[in-house]
Amino acid sequence: MLIHLTKRYFMTDYIDPPHILLTQPVPEETDRVLTRDYIVHRLYLDAAPELLLEQVGPYISGVITGGAKGLSRNMMEKLPQLKIVAISGIGTDAVDLNYAAQRGISVTTTPGVLTDDVADMAFGLLISTLRQMGEAEQVVRNGLWLQTNLPLARKVTGITLGIVGMGRVGQAIARRAEAFNMTVLYNSNNPVPGLAYRFISDINQLARDADVLILAASADGGQLIITDAVLDALGRDGYFINIARGKLVDEDALLAALTQGRIAGAGLDVFAHEPHVPEGFLALKNVTLQPHRASATLQTRIAMGEIVLENLAACFNGKQPPHQV
Ligand code: 8YV
């Protein structure tokens, strides 16, 4: 492999142009600027990623990664010149922030621009699951319209919605819920000042009161939030929607609750060990499944890419990146 080692900046200790490691693709618009301004190494395209890391690891000063993918401590240890981990996303749960801080590595995110998409996905999953749109679509696609008597669906407008996590995304979901005449209740670490929705400090109580429970919490704390007890509190007429992180959910308990009819259905964009989806989910008609696509629109991914580029540029110009966590 040819590695371009050109001049070094006088005052800095990284190579110019900086070497950037990309763990997953970015939109063409972002990629064009990256390849113009940096030397880009694409881990996701390489047949032997370990070997690539061995070869280019010593030169890498920036990594671009996704929120769920993050960057393990083990990987960071292979990158002695690393200055910045630029997350194209908002979750920092897959990056060892303490270790990054110890080494003086900036960790940045792309807040704000993906809020609406994630809230839209939460609503898409909610409507699709309650209205059985996946199952009904299969009926049409398989030419079974006349032969099939689908059960009646669950009405969406007017339900009681429980939101777990009232950050930007939780609030964007709540705003959408208002247009559907829903009663919004929420649980988060603390009540959010200025919100008109009722705060419920006990998540089991929230699940009991809600027709649909949406998980929109950050996974930075790493704790399990959706347990067997929460699912039982949600009950046989309740639905669960997850657009946050799979690791916040006891996935075995969720699968069991769905299979045994202890909750009515689920809409899942995220899983505990992506891209692995436990096989049991695939057979269930009362579940809507997505491959972690909540922020995956062209417009939003371009906007996320612009912020990633800003963060990188600031870092390599000796400034504090604007969206450093
Ligand atoms: C992205 C995410 O799908 O923001 C996050 O933390 O998980 C998602 O928005 C992911 O970052 C892919 O780039």
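- Each salt bridge (charged side-chain N to carboxylate O under 4.0 Å, His left out) pair with one or both residues in residues 196-220, not counting sequence neighbours, appears once here: Arg154-Asp211.
- Proximity of a side-chain donor or acceptor of Asn311 to a complementary backbone N or O of Thr108 within less than 3.5 Å is not detected.
- Atoms OG1 and CG, on Thr148 and Asn142 in that order, are 8.5 Å from each other to the nearest 0.5 Å.
- In this structure, Glu279 places its CD atom where only 12 or fewer heavy-atom neighbours from other residues, nucleotides or ligands lie under 6.0 Å away.
- Applying the salt bridge (charged side-chain N to carboxylate O under 4.0 Å, His left out) test to residues at least two apart or on different chains, none of the pairs has a partner in residues 294-312.
- Taking Phe180 as the reference, Phe123 meet the ring pair (Phe, Tyr, Trp, His ring centres under 6.0 Å) condition, with sequence neighbours excluded.
- Applying the side-chain hydrogen bond (donor to acceptor under 3.5 Å, both in side chains) rule to Gln102 yields no partners; only residues at least two apart in sequence or on another chain are considered.
- In this structure, Pro321 and Ile84 approach most closely via the heavy-atom pair CG-CD1, 4.2 Å.
- A distance of 8.5 Å separates CD1 in Ile200 from CG in Asn187, rounded to the nearest 0.5 Å.
- Within the 4.5 Å cutoff, side-chain heavy atoms of Val192 are placed close to those of Gln171.
- Proximity of Ile20 to Ile39: side-chain heavy atoms (C-beta onward) are nowhere separated by under 4.5 Å.
- Proximity of Thr259 to Leu284: side-chain heavy atoms (C-beta onward) are separated by under 4.5 Å at one or more points.
- Within the structure, every pair that satisfies the salt bridge (charged side-chain N to carboxylate O under 4.0 Å, His left out) test and touches residues 90-118, not counting sequence neighbours, is listed here: Asp93-Arg245, Asp93-Lys247, Asp116-Arg176.
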- Message: Using the rule given for side chain to side chain contact (heavy atoms under 4.5 Å, CB included), can you reason through Leu53 versus Leu43, listing the C-alpha separation, both sets of side-chain angles and the distance that settles it, and then say yes or no?
- Response: CA-CA 8 Å; Leu53 265 187; Leu43 202 59; 4.2 Å; yes
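- Between Glu135 and Leu150, the closest side-chain pair of non-hydrogen atoms falls below 4.5 Å.
- Scanning both residues, Leu248 and Gln223, for their nearest heavy atoms gives CD2-O, 3.2 Å.
- In terms of heavy atoms, Leu71 sits closest to Leu82 at CD2-CD2, 3.9 Å.
- Every pair passing side chain to side chain donor-acceptor pair (under 3.5 Å) that includes a residue from residues 269-278 is listed here, sequence neighbours excluded: Glu274-His292.
- For the 3.5 Å distance criterion, the side chains of Ser106 and Gln324 qualify, holding a donor opposite an acceptor.
- If you take CG on Asp250 and CG on Leu231, they are separated by 7.5 Å, rounding to the nearest 0.5 Å.
- For Ala264, the side chain to side chain contact (heavy atoms under 4.5 Å, CB included) partners are Tyr239, not counting sequence neighbours.
- Partners of Thr129 by side-chain hydrogen bond (donor to acceptor under 3.5 Å, both in side chains), not counting sequence neighbours, listed by chain and number: Thr288.
- Looking at Ile226 and Leu213, their side chains come closer than 4.5 Å, going by heavy atoms from C-beta outward.
- Contact check for Val308 versus Val26: no side-chain heavy atoms found under the 4.5 Å cut-off.
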- Would you check, one step at a time, whether the test side chain to side chain contact (heavy atoms under 4.5 Å, CB included) holds for Val249 with Phe240? CA-CA 11 Å; Val249 178; Phe240 172 63; 3.8 Å; yes
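- With contacts defined as side-chain heavy-atom distances shorter than 4.5 Å, the pair Leu130/Val212 qualifies.
- Note that the CG atom of Asp232 and the CD1 atom of Ile263 stand 9.5 Å from one another [nearest 0.5 Å].
- Judged as a ring pair (Phe, Tyr, Trp, His ring centres under 6.0 Å), and not counting sequence neighbours, Phe281 has no contacts.
- Taking OG of Ser88 as the reference point, atom CD of Gln24 lies at 6.5 Å (rounded to 0.5 Å).
- The salt bridge (Lys or Arg N to Asp or Glu O under 4.0 Å) test applied to Arg32 returns Glu28, not counting sequence neighbours.
- For Glu77, the side-chain hydrogen bond (donor to acceptor under 3.5 Å, both in side chains) test picks out Arg73, with sequence neighbours left out.
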- Asp31 and Arg42: CA distance, side-chain angles, deciding distance, side chain to side chain contact (heavy atoms under 4.5 Å, CB included) verdict: CA-CA 11 Å; Asp31 209 295; Arg42 295 163 200 281; 2.8 Å; yes
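- With rounding to the nearest 0.5 Å, the separation of CG in Leu206 from OG1 in Thr160 is 10.0 Å.
- The shortest non-hydrogen separation linking Thr110 to Met304 is CG2-O, 3.4 Å.
- The two atoms that bring Ala86 and Leu312 nearest to each other are CB-CD2, 4.1 Å, heavy atoms only.
- Here the closest non-hydrogen pair linking Val287 and Leu258 is CG2-CD1, 3.7 Å.
- Under the 4.5 Å side-chain criterion, counting only non-hydrogen atoms from C-beta, Met133 is in contact with Ile127.
- Listed by first and then second residue, the ring-ring contact (aromatic ring centres under 6.0 Å, His included) pairs that reach into residues 199-222 are Tyr186-Phe199, sequence neighbours excluded.
- Of the residues listed (Ile241, Ile163, Val184, Val118), the one engaging Ile173 in a side chain to side chain contact (heavy atoms under 4.5 Å, CB included) is Ile163, and it is the only one.
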